[in-house]
2 protein chains.
Amino acid sequence: MADHGRTKNRKDRIMDAALRIFAEKSFQEATIAEISKEAGVSEATVYEYFGTKEDLLFAIPEKITNDTFEESQAVLPYIKDVEGRMRAILLSYIQLYQNNPHYSALVLLQLMSNKRFRQTAAHEAIRRSAHNLLDCIREGIANGTFRSDADAYLIRSMLMGAIEHLFIHWHMQGKPKRDKTIMDMLDPFLEIVFNGIRAKKEQQGLTIHLNLQDTRALGEILQNGSMLKSPAQDVKPAPNMKQKNKQKTY
Amino acid sequence: MADHGRTKNRKDRIMDAALRIFAEKSFQEATIAEISKEAGVSEATVYEYFGTKEDLLFAIPEKITNDTFEESQAVLPYIKDVEGRMRAILLSYIQLYQNNPHYSALVLLQLMSNKRFRQTAAHEAIRRSAHNLLDCIREGIANGTFRSDADAYLIRSMLMGAIEHLFIHWHMQGKPKRDKTIMDMLDPFLEIVFNGIRAKKEQQGLTIHLNLQDTRALGEILQNGSMLKSPAQDVKPAPNMKQKNKQKTY
DNA sequence: AATACTTGACAGTGAGACTATGATGATATA
DNA sequence: TATATCATCATAGTCTCACTGTCAAGTATT
């Protein structure tokens with residue numbers, strides 16, 4: 001293969017450059033000329049690999065999704081606890097965005113670009129997560145974990161919407177608005193949602209006397225007890241959690 | 001004003017046509033030629049009113065926002081109850097989208113179009129809602145309505161994110177995915193969130209028996225009461241999209 | 001009717017997506 | 001070493017579309 005001395009393969013170099021430029025400017029404003037220059041290849045080479053500018057746009061999240069998202073989904077079937085499984089789904093979702101800072105911008109660009117978006121791997125991945133979540137919620141309702149009157153669609157939108165909202169804000173305002181990462185918020189977040197939709201159950205075992213006027217004390221008890229810190233604590237975090245950041249390109 | 005027999009003023013006709021075409025296609029795919037034809041006006045006239053295609057894109061949500069959003073915000077200061085005020089903010093937010101079906105698409109187009117978005121009335125309206133919400137949440141935390149350890153930013157993202165998520169899905173799948181409107185979901189939604197973040201109080205003086213092994217039960221008991229009404233709408237599977245595929249362009 | 005203003009038709013410019021083609025030089029194979 | 005192959009590049013050219021400029025014709029106001 002004639003590489004003219006360049007090490008990394010051209011297709012990747014083009015996608016890297018395009019990712020940066022698309023995210024920084026916008027689809028209209030980015031030109032193939034600029035992308036090819038940034039990638040150190042000729043314009044014709046871009047067209048060799050990607051038939052159209054739009055193909056290029058669609059290829060990038062496709063690759064990221066296939067590279068980083070798929071494997072993190074593999075553990076899901078082994079998590080029997082509904083809440084733990086939901087946590088794992090959201091975690092992989094968050095990691096997908098977190099590890100690829102420009103990803104959300106690109107996905108939005110695609111979304112707005114045209115109807116083709118529905119056929120992409122990125123959309124498929126999101127769709128599948130959404131579907132899995134819905135199943136979990138229904139399962140939780142069916143087995144009594146969640147209230148029987150809970151609206152599964154609504155709860156799913158709460159879960160995914162909040163995360164997307166956090167990332168969109170992140171994207172719009174430049175990252176470090178706060179010291180807490182979105183990952184840090186996952187458990188408090190889930191606690192609130194689960195808190196709001198858990199079915200009331202009977203209690204067995206120890207009984208204690210509480211004076212319910214003392215709200216503070218109650219709050220302490222609630223948060224220090226094992227239960228309310230994320231029920232999924234023992235669930236092993238999805239594989240690529242170490243934040244390795246394989247290439248700084250993204 | 002020379003109107004050549006047309007009644008409605010040209011500027012509005014152009015914006016109407018543009019709103020439809022931008023939302024249906026996308027920014028790139030919509031051409032000024034088509035918009036002007038749809039509006040029954042010459043191409044030059046479009047440029048008379050709107051200097052550039054992008055100006056046209058930005059002018060539309062600007063108008064809608066100013067027309068319909070501002071007044072709905074006027075009542076807010078008079079609602080003293082924190083939760084009631086939060087509900088009102090979200091309600092006006094939902095109405096903004098609901099009354100203008102193409103609005104969300106246009107706002108997203110703007111968002112992705114470029115950085116100018118931050119100076120638009122649409123963005124300003126959203127920003128102000130977001131800000132008001134944050135204030136409400138903080139006030140609720142301060143006055144003991146909400147748990148003291150609640151994360152105000154997170155809660156805001158839950159509230160706004162869920163609504164935006166519902167609308168984006170709505171936009172992507174063609175409207176009537178379900179019989180319930182997004183407005184119908186507002187109260188069940190708020191119930192879950194408030195449920196999850198309300199400070200545990202009331203039940204003054206009552207002593208009850210609790211099992212600390214099942215912390216869930218503790219939470220339930222504390223939150224139990226009036227708010228769990230939400231009629232159990234049985235979940236029906238989403239009638240999956242009609243796959244109409246209006247244009248085979250791609 | 002006279003003047004001021006608005007609109008339309010049309011021609012033209014420039015940017016940028018995309019194509020076609022032939023030259024170049026690295027690599028594989030004989 | 002010689003030859004074939006193939007990725008890449010450079011260049012030139014086509015086409016679509018945003019956008020401009022001009023002028024004639026219509027309408028409003030006086």
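We name chains A, B, ... by the order of the sequence lines, and we start the count at 1 in each one. The figures here come from the full heavy-atom set of this structure, side chains too, leaving out hydrogens, waters and symmetry mates.
- Classification of A:Glu139 and A:Arg85 as a salt-bridged pair holds, one side-chain N sitting under 4.0 Å from a carboxylate O.
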- Query: Yes or no on side chain to side chain contact (heavy atoms under 4.5 Å, CB included) for A:Ile64 and A:Leu106, after CA distance, side-chain angles and deciding distance?
  - Reply: CA-CA 11 Å; A:Ile64 294 177; A:Leu106 269 269; over 6 Å; no
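- Using a 4.0 Å cut-off, no side-chain N or O of A:Arg10 falls inside it from OP1 or OP2 of D:dA7.
- The side chain of B:Thr45 sits closest to C:dG8 out of C:dG8, D:dC9, C:dT7.
- The closest side-chain donor-acceptor pair between B:Asn132 and B:Ser129, if any, does not fall under 3.5 angstrom.
- Judged by distance alone, the side chains of B:Glu164 and B:Tyr97 never bring a donor and an acceptor atom under 3.5 Å apart.
- Close to D:dT8, at under 4.0 Å from its OP1 or OP2, lies a side-chain N or O of A:Tyr49.
- B:Arg138 forms a cation-pi arrangement with B:Tyr153, by the criterion of a distance under 6.0 Å to the ring centre and an angle within 45° of the ring axis.
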Identify each atom pair where a protein N or O and an N or O of nucleotides 15-21 of chain C are less than 3.5 Å apart, giving names and distance.
unit_1	atom_1	unit_2	atom_2	d
C:dA17	OP1	A:Ala30	O	3.4
C:dA17	OP1	A:Lys53	NZ	3.4
C:dA17	OP2	A:Ile32	N	3.3
C:dC18	OP2	A:Lys53	N	2.7

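- Looking at B:Ile126 and B:Tyr93, their side chains come closer than 4.5 Å, going by heavy atoms from C-beta outward.
- Ion pairing of A:Glu34 with A:Lys25 is present here, as a side-chain N (NZ or NE/NH1/NH2) and a carboxylate O approach within less than 4.0 Å.
- When the C1' atoms of four end pairs are superposed on the next four at each end of the helix from C:dA1-D:dT30 to C:dA30-D:dT1, using five pairs per end, the two resulting axes differ in direction by 10°, to 10°.
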